[in-house]
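All of these numbers come straight from a predicted model, not from anything done at the bench.
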Amino acid sequence: QVQLAESGGGLVQAGDSLRISCAFSGGQFSRYGMGWFRQVPGKEREFVAALSRSGMSDYTDSVQGRFIVSRDNGKKTWYLQMSSLKPEDTAVYSCAARHTILSVPTTRAHDDYVHWGQGTQVTVSS
């Protein structure tokens, strides 16, 4: 079955950059679209970014221009490159995936995703 595994989280200072990864296994990577979400204790899960099968991307307003979502088909891995990090970016970041046809765009709804990783902690100190 499809499994997702995040890695690359850590403690950084405000203004730093960090790249987190989402390794995919158990299916045909190229047939999946994905999303990045984050959650802080006591708050609802928040959409961060998404990447469709066709390469369309979408970002929440607070990270637009600072974060970039990408993929490496050979490594079956998605990435979230985060720059100019702020303390309010501190959260557990999780990746999610769903099998789609090529023309399906991105989605921000967490209920649209079927497969989820366990998450990786990103902490940004001020």
Side-chain angles (χ1 to χ4, degrees):
Q1 68 275 22
V2 170
Q3 293 186 322
L4 305 177
E6 301 92 339
S7 63
L11 172 63
V12 297
Q13 293 187 333
D16 284 353
S17 297
L18 188 69
R19 188 181 76 168
I20 57 178
S21 304
C22 176
F24 173 98
S25 63
Q28 192 164 348
F29 179 75
S30 62
R31 295 189 176 185
Y32 285 77
M34 69 87 58
W36 284 102
F37 293 80
R38 64 188 180 187
Q39 190 167 22
V40 175
K43 294 189 177 181
E44 291 189 358
R45 183 183 293 162
E46 176 189 21
F47 167 79
V48 177
L51 185 66
S52 73
R53 275 189 61 185
S54 65
M56 296 169 51
S57 60
D58 183 32
Y59 301 91
T60 192
D61 287 348
S62 63
V63 308
Q64 181 74 48
R66 299 190 297 123
F67 290 12
I68 298 174
V69 59
S70 63
R71 67 181 178 222
D72 185 326
N73 290 337
K75 294 183 178 179
K76 296 184 180 181
T77 300
W78 291 291
Y79 301 99
L80 185 66
Q81 176 69 49
M82 305 180 287
S83 303
S84 302
L85 282 161
K86 305 175 181 180
E88 51 263 43
D89 294 318
T90 295
V92 174
Y93 285 72
S94 298
C95 60
R98 61 174 187 156
H99 187 279
T100 73
I101 59 175
L102 187 60
S103 61
V104 170
T106 58
T107 178
R108 297 187 175 197
H110 63 83
D111 286 348
D112 287 343
Y113 294 94
V114 176
H115 311 285
W116 289 83
Q118 292 299 309
T120 186
Q121 176 71 46
V122 173
T123 303
V124 184
S125 65
S126 58

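- The CD atom of Gln3 lies 5.0 Å from the OG atom of Ser25; values are rounded to the nearest 0.5 Å.
- Listed here is the closest heavy atom pair of Ser57 and Val69: CB-CG1, 3.9 Å.
- For the atom pair CE of Met56 and OG of Ser103, the computed distance is 10.0 Å after rounding to the nearest 0.5 Å.
- Hydrophobic clustering (side-chain heavy atoms under 4.5 Å, transitive across Ile, Leu, Val, Met, Phe, Trp, Tyr) keeps Val122 apart from Val92.
- Glu46 has its side chain out of reach of Val40: every pair of non-hydrogen atoms, C-beta onward, lies at least 4.5 Å apart.
- Using a 30° and 60° split on the angle between ring planes, Phe29 and Trp78 fall in the tilted class, from 30° to 60°.
- Tyr113 contributes no side-chain N or O that, together with a main-chain N or O of Arg108, makes up a donor-acceptor pair within less than 3.5 Å.
- Tyr79 and Leu18 end up in different hydrophobic clusters when Ile, Leu, Val, Met, Phe, Trp and Tyr side chains are linked at under 4.5 Å.
- Here the straight-line distance linking atom CD of Gln81 with atom CZ of Arg66 works out to 12.0 Å at 0.5 Å rounding.
- Of the possible donor and acceptor atoms, none in the side chain of Arg53 sits under 3.5 Å from a partner among the backbone N and O of Met34.
- Of the candidates Ser7, Ser21, Ser70, Ser21 is the only one forming a side-chain contact (heavy atoms from CB on, under 4.5 Å) with Thr77.
- Considering CD of Gln39 and NE2 of His110, their distance stands at 9.0 Å, rounded to 0.5 Å.
- Relative ring orientation between Trp116 and Phe37 is described as tilted, the plane-to-plane angle lying within the 30° to 60° band.
- Side-chain contact between Gln121 and Tyr93: absent, with no pair of heavy atoms (C-beta onward) separated by less than 4.5 Å.
- Inter-residue side-chain proximity for Cys22 and Arg71 is flagged as unmet; no heavy-atom pair is nearer than 4.5 Å.
- For the atom pair Leu80 CG and Arg19 CZ, the distance stands at 10.5 Å (nearest 0.5 Å).
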Derivation of the side-chain contact (heavy atoms from CB on, under 4.5 Å) call for Glu88 and Val124: CA-CA 8 Å; Glu88 51 263 43; Val124 184; over 6 Å; no

Derivation and outcome, side-chain contact (heavy atoms from CB on, under 4.5 Å), residues Ser126 and Lys86: CA-CA 7 Å; Ser126 58; Lys86 305 175 181 180; over 6 Å; no

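- To the nearest 0.5 Å, the span separating NZ on Lys76 from OG on Ser30 amounts to 9.0 Å.
- Cluster membership check: Val63 does not share its hydrophobic cluster with Phe47, using side-chain heavy-atom separations under 4.5 Å among Ile, Leu, Val, Met, Phe, Trp and Tyr.
- For Tyr32, there are no side chain to side chain donor-acceptor pair (under 3.5 Å) partners at least two apart in sequence or on another chain.
- The backbone N or O of Gly9 lies less than 3.5 Å from a partner atom in the side chain of Thr120, making a donor-acceptor pair.
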Derivation and outcome, ring pair (Phe, Tyr, Trp, His ring centres under 6.0 Å), residues Phe67 and Trp36: CA-CA 11 Å; Phe67 290 12; Trp36 284 102; 9.8 Å; no

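- Nearest approach of Arg98 to Thr106, heavy atoms of both residues: NH2-C, 4.2 Å.
- Using a distance-only test at 3.5 Å, with no hydrogens or angles considered, a donor-acceptor pair links the side chain of Glu6 to the main chain of Gln118.
- With Thr100 contributing its side chain and Val104 its backbone, the two residues share no donor-acceptor pair below 3.5 Å.
- Between the side chain of Arg31 and the main chain of Gly27, no donor-acceptor pair closer than 3.5 Å is present.
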